[in-house]
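All values below were derived from every heavy atom in this structure, side-chain atoms included, with hydrogens, water molecules and symmetry-related copies excluded. First listed ligand is number 1; within each ligand, the first listed atom is number 1. Here the structure is a predicted model, which is why all the values come from computation and not from measurement. The first residue of the sequence shown is numbered 1, and numbering continues consecutively from there.
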Amino acid sequence: MIKAVRGMKDLLPPETARWHYLETVARAVFVSYGFQEIRLPLLERTELFSRSIGASTDIVEKEMYTFLDRRGESMTLRPEATASVVRAFIENRLDQGAEVKKYFTMGPMFRYERPQKGRYRQFHQINCEAIGGEAPELDAELILLLMEIFRRLKVTGLELVVNSLGCPQCRPAYLMELTALFARGLRDLCPDCQRRSAANPLRVFDCKSKTCQELLAQVPTISDKLCDNCQRHEARVLELLDRFQVPYRRNPRLVRGLDYYTRTAFEVVTTQLGAQDAVAGGGRYNGLIKDLGGPDLPAIGFAIGQERLATLLSQQDADLLQQPLLFVAVLGEAARDRAFELVQALRHQGYVADLDFTNRSLKAQMTMANRRGAAWVLILGDQELADGRAPLKDMRRGEQHLVSLDTLPQILADLQPELKGV
Ligand code: HAM
């Protein structure tokens with residue numbers, strides 16, 4: 001038997017209904033905030049990611065699916081979407097016009113991490129980026145948007161964690177100070193952090209090793225060293241979160257796992273997912289577009305992990321999005337023929353209808369309808385054909401009514417609205 005690749009999982013019903021539901025809700029929220037969808041290739045030149053995410057991050061150092069294509073060019077399956085969005089933005093000259101450009105995209109990402117619950121090698125993100133706006137109101141808007149998605153999906157028990165990572169005015173001095181501090185206590189850092197601390201000292205904050213964490217408890221954080229502009233920016237973002245009653249926790253040690261962030265950085269975490277507790281993460285990346293050869297435009301974005309979000313959703317809510325199914329149970333050849341016609345006509349009018357072709361007993365067909373979650377079952381045999389009327393069983397209420405076959409679409413139209421809850 002050929003099995004799926006480790007860390008890559010099949011998405012099957014009924015879970016697909018949860019995904020459909022969360023994507024539909026997210027799309028609706030994005031649209032109401034003025035975001036438009038873009039779809040991008042899964043494969044990019046390796047350099048795009050090493051230059052944007054940062055050469056000494058975990059993602060670039062050890063998690064990328066990188067290979068040489070047939071012409072010997074280094075290609076990488078995207079580990080995240082921000083770099084690709086920026087590449088597409090620059091390449092397609094999307095910077096025309098002064099307004100903030102707002103995009104969302106959904107799809108698979110690839111990271112060669114150690115698979116565990118909530119962590120996969122192919123996973124999916126709902127990603128959103130706003131390019132061309134510097135104002136702290138935009139940071140607040142994105143966080144409000146993110147929390148609105150969770151609110152509409154009725155996901156509770158989340159915590160928003162925020163920090164500011166400074167800017168090119170204030171961060172370099174802080175990093176120098178940090179490097180010097182680490183150099184003095186270098187022997188106590190884990191080997192990974194020892195190696196990285198000179199090139200990228202902020203990465204140490206992401207290290208899970210206990211000794212590194214203990215060392216970090218004593219060092220100043222970037223929050224203590226922000227310049228006036230960064231302080232003002234952060235204060236305004238937090239003020240807006242307060243105004244809109246979005247609870248948050250400031251964590252001056254939140255650094256995120258990617259190097260492109262400036263100023264606002266945030267994560268949404270939950271205690272319901274075990275070790276992989278981040279449902280979403282994001283932040284500002286004011287220098288990235290210029291660094292990748294584009295115009296000097298500020299930007300901010302976030303990504304939600306779809307696998308993690310899906311596990312927090314109720315199946316019942318997701319099922320509400322499904323159109324109710326009418327299952328036609330048949331007895332005999334003539335009835336099957338008529339049922340096929342009926343089902344086709346209903347489908348043509350946009351209803352969800354199905355029947356069985358395997359010649360099962362009525363009992364077996366009822367079981368089938370139940371398993372499929374049918375809202376109604378129409379029972380059609382020779383007698384019903386002759387009468388032009390058949391019993392329609394309402395599976396949720398357990399009631400049964402005789403209905404005329406000619407007026408079935410009308411009857412369904414009348415029944416449908418009360419079942420559509422979303
Ligand atoms: P990230 O924090 O690396 O940020 O990923 C965002 C979310 O993707 C995480 O919070 C998590 O829910 C999910 N995720 C990450 N890795 C895995 C995995 N191996 N398995 C399952 N889920 C995972 C970014 O990717 C940034 N591009 C976000 C961003 C957009 N920043 C600005 N714009």
TODO: Check F302 against ligand 1 and report side chain, backbone, both or neither, counting heavy atoms closer than 4.0 Å.
DONE: backbone
Open item on the list: Can you tell me which portion of L258 lies within the under-4.0 Å heavy-atom range of ligand 1? Options are side chain, backbone, both, or neither.
Closed with: side chain
Looking only at protein heavy atoms, which one is nearest to [atom], and how far off is it?
atom: atom 13 (C) of ligand 1; result: G305 CA, 3.6 Å
atom: atom 30 (C) of ligand 1; result: T82 OG1, 3.0 Å
atom: atom 20 (N) of ligand 1; result: Y120 N, 3.0 Å
atom: atom 21 (C) of ligand 1; result: G118 O, 3.3 Å
atom: atom 18 (C) of ligand 1; result: F123 CD2, 3.4 Å
atom: atom 27 (N) of ligand 1; result: E80 OE1, 2.5 Å
atom: atom 31 (N) of ligand 1; result: Y261 OH, 2.6 Å

TODO: Kindly confirm or rule out an N or O of Y260 lying under 3.5 angstrom from an N or O of ligand 1.
DONE: yes
Task: Under 3.5 Å: N/O of Y285 near N/O of ligand 1 - done: no
Task: side-chain contact (heavy atoms from CB on, under 4.5 Å), paired with L40, selected from L42, I38, L43 - done: I38
Task: Candidates V162, D242, D139 - the one meeting side-chain contact (heavy atoms from CB on, under 4.5 Å) with V237 - done: D139
Atom pair [atom1]/[atom2] of [X] and [Y] - distance to nearest 0.5 Å:
X: C128; Y: E37; atom1: SG; atom2: CD; answer: 12.5 Å
X: K290; Y: D296; atom1: NZ; atom2: CG; answer: 5.0 Å
X: F49; Y: T57; atom1: CZ; atom2: OG1; answer: 11.5 Å

In ligand 1, which numbered atoms sit nearer than 4.0 Å to a non-hydrogen atom of [X]?
X: E129; result: 30 (C), 32 (C), 33 (N)
X: A280; result: 10 (O)
X: V279; result: 10 (O), 12 (O)

Please compare [options] and report which has the shortest non-hydrogen distance to [atom].
atom: atom 9 (C) of ligand 1; options: A278, P79, G283, G301; answer: A278
atom: atom 5 (O) of ligand 1; options: Q125, M109, R119, E113; answer: Q125
atom: atom 28 (C) of ligand 1; options: G281, A299, S84; answer: G281

Are [X] and [Y] close enough for a salt bridge, meaning some N to O gap below 4.0 Å?
X: R119; Y: E307; value: no
X: R256; Y: D206; value: no
X: E129; Y: K102; value: no

Does ligand 1 have any atom sitting under 4.0 Å from a heavy atom of [X]?
X: P115; value: no
X: E307; value: no
X: R256; value: yes
X: G282; value: yes

Task: Donor + acceptor pair across side chains of E80, T82 (<3.5 Å) - done: yes
- [ ] Please check if any side-chain donor atom of R195 sits under 3.5 Å from a side-chain acceptor atom of S56, or the reverse.
- [x] no
Task: Aromatic centroids of F104 and F30 separated by under 6.0 Å - done: yes
- [ ] Please state whether the rings of Y112 and Y65 are parallel, tilted or perpendicular, taking 30° and 60° as the class boundaries.
- [x] perpendicular
Task: Geometric class of the F340/F357 ring pair [parallel <30°, tilted 30-60°, perpendicular >60°] - done: perpendicular
